[in-house]
Undergrad: 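My questions all concern the structure below.
Owing to the predicted nature of the structure, the values given are computational and were not obtained by experimental measurement. Lettering of chains follows the sequences in order, A, B, ..., and the numbering in each one begins at 1.
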4 protein chains.
Amino acid sequence: MTSADRVRRAAIRLFAEKGFHGTGIRDLAQAANLSSASLYHYMGTKEELLAGIMRECLERLLEGAGKATEGVTDPRERLGRLVALHVMSHALRPDETRVVDNELRALSPAAQEPVVRLRDAYEQLWATAIADGIASGVFSAGEPSITRLALLEMCNGVSRWYSPRGPLTLESLAAEYAGLAMRALMSAGKGPDPDLRYCRAVVADVWNTPNPHAAPCSDGITGGRSKGD
Amino acid sequence: MTSADRVRRAAIRLFAEKGFHGTGIRDLAQAANLSSASLYHYMGTKEELLAGIMRECLERLLEGAGKATEGVTDPRERLGRLVALHVMSHALRPDETRVVDNELRALSPAAQEPVVRLRDAYEQLWATAIADGIASGVFSAGEPSITRLALLEMCNGVSRWYSPRGPLTLESLAAEYAGLAMRALMSAGKGPDPDLRYCRAVVADVWNTPNPHAAPCSDGITGGRSKGD
Amino acid sequence: MTSADRVRRAAIRLFAEKGFHGTGIRDLAQAANLSSASLYHYMGTKEELLAGIMRECLERLLEGAGKATEGVTDPRERLGRLVALHVMSHALRPDETRVVDNELRALSPAAQEPVVRLRDAYEQLWATAIADGIASGVFSAGEPSITRLALLEMCNGVSRWYSPRGPLTLESLAAEYAGLAMRALMSAGKGPDPDLRYCRAVVADVWNTPNPHAAPCSDGITGGRSKGD
Amino acid sequence: MTSADRVRRAAIRLFAEKGFHGTGIRDLAQAANLSSASLYHYMGTKEELLAGIMRECLERLLEGAGKATEGVTDPRERLGRLVALHVMSHALRPDETRVVDNELRALSPAAQEPVVRLRDAYEQLWATAIADGIASGVFSAGEPSITRLALLEMCNGVSRWYSPRGPLTLESLAAEYAGLAMRALMSAGKGPDPDLRYCRAVVADVWNTPNPHAAPCSDGITGGRSKGD
DNA sequence: CATGAATGAGTCTTCATTCAT
DNA sequence: CATGAATGAAGACTCATTCAT
């Protein structure tokens, strides 16, 4: 393993563990067994290091998602594979994926741009699969964007509690999540609605918030989230 | 509004936006229209400020969840209300909830403890509802802990893309998420499994990872995630 | 006891315990049971507070020394009383005297001046007693200034280890010190000189210092020490 | 001279001159011709810098005292050498010794501990010499602990008025102090006791203190002074 | 009298980064 | 390659002091 690799690995681990702003250049140096000055032989600035990690991770994710879904016509199979791949990658590389999922805001706008582009391209695969499923009638989602974001966040969570020790195989884990996603999207109308009016009242009460008749909430999201997250 | 409130509000907004370590004491002072020295009339240390925000937010969430579910016997209704409340609170208070969901690791172990206790108490409500539903046969989840975490993460996501402007009412949003959760838990076996073997191969290929026969993945989680997240 | 007294007492105690620079205005306020703003009703600046304490203590010492020695013709009796008074005051008021003995340097030159004047007037009483004793042949000191300083420092030490609990009465303590001083000044030639040449060599060795034939050392002191101590 | 040495020298000089709390990191930096950030290449915290200075100085003193007295059986010679060494070191290194003698309280309890241990070991040499002299009848001291402290404080004073310019050689100075000490310890009963009753009355009068019949004063000191001084 | 509010200047310390060796 | 040395800017936090109330 080269020194450059050691630096990158250390960065991934520490950025995941303590966050970009919570990680000092000296922490990196120590974790990479280098002096802090030597670090700069293998990286640009700290920000470039982060940007590189994010880009590379997203490129792999995008590449994998492309490979896994190309030529697959059934939207259910396509979405299922996206879920499985996403979960597997988050279970296998929890540090990298946590960095990607959490540290976008630490980048300057200029450095965010290419990362956001990659993320959007990746999410577009999800959006298309969901839209196709709805169009062909196999999915019965409400708002497609919300559905996409809900599923993505659900899968992202894997990287936070993953531990390589445990009886569940990667495939079982992926199957579990794929099942959750499929069922959520396929069987409309199942189950009773909770008493939303009461929940709303409780929320209004606990947070001392006025209980307007129509507190609006965005559903105009199409391509992704706001900049910086 | 008192100055103390202004400080707290500024902190919530900035911690949510830039993270705890990304927010300087001067940022806080500027946002609260105070000198950085005056800040210390209204807060202890920066860490105590964060801890207080997290505790208060979790206490409200716990209180609300208690109110919304007490006396409700049907596990489906109970879980539905938890989902609805969680989504509503995250939509209504995206900043506070993002801080709670993301900044736990910024606290020292000593300061984490009471926060983790609150979080665990809250999640216990979810765990019980899920377990009861499984026991009574209305839910058909695989691993209950995984299910709980998956649903929680899914709902957490709301605070990341929420915008108060938009046609969707809070109730509609909550209904959407409750529906996703209900369907995911209730209709087992729906939908085809994706080709996991192929997905696994793609993952192994893209990440240059050996493809062991039994890459294990934790399912032994019961009470919550590891400390610090 | 008035508030002003409480402030002064708190200051004496804290300045003695932690030093002038080690004592914050908030420490004073807390010890005096006042808010830090209220403090300024009873004092000028922190420096003026210190200067006042030192002046008052020295004035008392000077007054007491005057009373105790006026009209006493025997230099031995005069010096004995000075020693006794000094020791008693240091035992009785360890905090005040420690402040006087240690914190002169914390004052600005302008504020030092009157304090130094008082100190010098007080030491002059010692100097005169010693000089008279030498002149009349009852004392056989080497360098009078050195003797004076040596005795003063010896007596100052009392305030550092004094504790009001213990079997020794104030008079016994004073008698002990007076005895030390008298004997030191009266019986010349008693006792063997230590091997100074060897001591000098050890010093030179341990401190890596050249061992010059005549490392000179001040004996030109007449009226007191350098400014600031 | 290395930069680390320059830092240490600057610290010794400034701590002696203005005290630990009166010396800012910027003062140190300026005196060492470094930026305040560069300072931290050569030191840990300011407190560690102080602790190191004190430890080193005391180690030298202890080493020197050991060398000077080992094998010496006559307690008078032993004590004489201790006095001479102590005086010489204080005359030669007034800054270091003033720091040792005055700044112990500036250290946290944890940092004080090893310093106090060294100090106590050093004072034990004095205590033993005095005790041996009393036991063999050559010294006629009252309370040995008081004697030890009185002599030590007397000698400490040297570092306060020392100036390398002056006609007195180091040996003469040491001889003077050794003479004072020897005489103080050897010829009991010499000289009249001052009128203590009257002194006590003056003290009571000037300080407005009740004149109890038996104002007690500690003589139970055995191993040293209280922590922090 | 008493104090909460306020602050500019200061505290010690760490930051990411550069550069001569 | 590798790193000690170096630093301006910034980090969180405290200082002594003032003043309106």
Undergrad: Got a sec, which residues hit side-chain contact (heavy atoms from CB on, under 4.5 Å) with Arg55(C), two or more places apart in sequence or on another chain?
TA: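 If we apply the side-chain contact (heavy atoms from CB on, under 4.5 Å) test to Arg55(C), skipping adjacent residues, the hits are Ala51(C), Glu59(C), Pro114(C), Val115(C), Leu118(C).
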
Undergrad: Please check if the side chain of Lys46(B) supplies one atom and the backbone of Thr23(B) the other of a donor-acceptor pair under 3.5 Å.
TA: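 Checked: pair present.
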
Undergrad: Could you state the CG-P distance from Leu39(C) to dA2(E), rounded to the nearest angstrom?
TA: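 That distance rounds to 12 Å.
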
Undergrad: Once you round to the nearest 0.5 Å, how far does CZ of Phe20(C) lie from CG of Asn102(C)?
TA: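 Output value for this atom pair is 14.0 Å.
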
Undergrad: In residues 45-54 of chain B, what residues come within less than 4.0 Å of DNA chain F, judged by heavy atoms?
TA: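 Listed by number, they are Thr45(B), Lys46(B).
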
Undergrad: Using side-chain heavy atoms (C-beta onward) and a distance below 4.5 Å, is Arg98(B) in contact with Asn156(B)?
TA: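 No, side chains not in contact.
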
Undergrad: What is the distance from NZ of Lys18(C) to C1' of dT14(F), rounded to the nearest Å?
TA: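 Answer to the nearest Å: 13 Å.
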
Undergrad: Between CD of Glu103(B) and CD of Glu47(B), what distance do you get to the nearest 0.5 Å?
TA: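 Atom-to-atom, Glu103(B):CD and Glu47(B):CD are 12.0 Å apart.
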
Undergrad: Rounded to the Å, how far apart are Met43(B) CE and dC13(F) P?
TA: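 Nearest whole value for this atom pair: 6 Å.
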
Undergrad: When you check the gap from the basic side-chain N to the acidic O, do Lys18(C) and Asp27(C) get nearer than 4.0 Å?
TA: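 Yes, this pair counts.
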
Undergrad: Check DNA chain F against residues 21-38 of chain A and give the residues with a non-hydrogen atom under 4.0 Å, in numerical order.
TA: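 Hits under 4.0 Å, by residue number: Ser35(A), Ala37(A), Ser38(A).
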
Undergrad: Nearest 0.5 angstrom please: Met43(A) CE to Leu49(A) CG, how far?
TA: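 Answer rounded to 0.5 Å: 5.0 Å.
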
Undergrad: Can you name the residues that form a side-chain contact (heavy atoms from CB on, under 4.5 Å) with Ala37(C), not counting sequence neighbours?
TA: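 Expected list: Ser35(C).
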
Undergrad: Could you tell me whether the side chain of Arg119(D) and the main chain of Asp101(D) form a donor-acceptor pair under 3.5 Å?
TA: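 Looks like no, no N/O pair under 3.5 Å.
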
Undergrad: What dot-bracket string describes DNA chain F from 5' to 3', counting Watson-Crick and G-U wobble pairs whose defining distances are under 3.5 Å, with [ ] for crossing pairs and | for pairs to another strand?
TA: .||||||||||||||||||||

Undergrad: Over how many whole Å does the gap from His41(B) atom NE2 to dC15(F) atom C1' extend?
TA: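 Going from NE2 in His41(B) over to C1' in dC15(F) covers 12 Å.
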
Undergrad: Would a 4.5 Å heavy-atom cut-off, applied to side chains only, mark Leu34(B) and Arg6(B) as touching?
TA: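 When only atoms from C-beta onward are counted, Arg6(B) and Leu34(B) do touch, with a gap below 4.5 Å.
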
Undergrad: Output all residues satisfying side-chain contact (heavy atoms from CB on, under 4.5 Å) with Glu56(A), sequence neighbours left out; order by chain, then residue number.
TA: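 Expected list: Arg8(A), Arg60(A).
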
Undergrad: Please state how far atom OH in Tyr40(B) lies from atom P in dC15(F), giving the value in whole angstrom units.
TA: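 Taking OH of Tyr40(B) and P of dC15(F), I get 12 Å after rounding.
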
